[in-house]
Amino acid sequence: MKKNMGNLDKSIRIAIAIGIALLYYFNIIEGTLAYVLMALAIIFLLTSFISFCPLYIPFGWNTCKRK
């Protein structure tokens, strides 16, 4: 897997994941919506840590700086 995510993209995904976790922690979101958003947050964290997003491939996107 080649990296296809830049630092800004990773930072935004991590911030969104933290925001979703805080919404869940303070019981602002609950039920099915909470589970769906928490799954999305986990996906955002995983893709951020490995610097690879499989959905970028079909669109040809790459936010990683080229050398």
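Just so we're clear, the structure is a prediction, and the values are computed from it rather than from any experiment. Quick note: residue numbers are just sequence positions, from 1.
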* Determine the minimum heavy-atom distance between Ile50 and Met1, stating which atoms define it. => CD1-CE, 4.5 Å

* Search all heavy atoms of Ile57 against all heavy atoms of Phe52 and return the closest pair with its distance. => CD1-CZ, 3.4 Å

Donor-acceptor pairs under 3.5 Å, side chain of residues 35-43 to any protein atom, not counting sequence neighbours: which ones?
none

Can you give each donor-acceptor pair under 3.5 Å made by side-chain atoms of residues 14-33, sequence neighbours left out, with the distance rounded to 0.1 Å?
none

* **Leu55: hydrophobic cluster co-members (side-chain, 4.5 Å)** => none

* To do: Any salt bridge (charged side-chain N to carboxylate O under 4.0 Å, His left out) involving residues 1-12? Give me the pairs, sequence neighbours left out, ordered by first then second residue.
  => Asp9-Arg13

* **Residues which pass ring pair (Phe, Tyr, Trp, His ring centres under 6.0 Å) with Tyr56, listed by chain and number, not counting sequence neighbours** => Trp61

* Asked: Once you round to the nearest 0.5 Å, how far does CG of Asn7 lie from CD1 of Ile12?
  -> 11.0 Å

* Asked: Quick check: does any side chain N or O of Thr47 sit under 3.5 Å from a backbone N or O of Cys53, one acting as donor and the other as acceptor?
  -> no

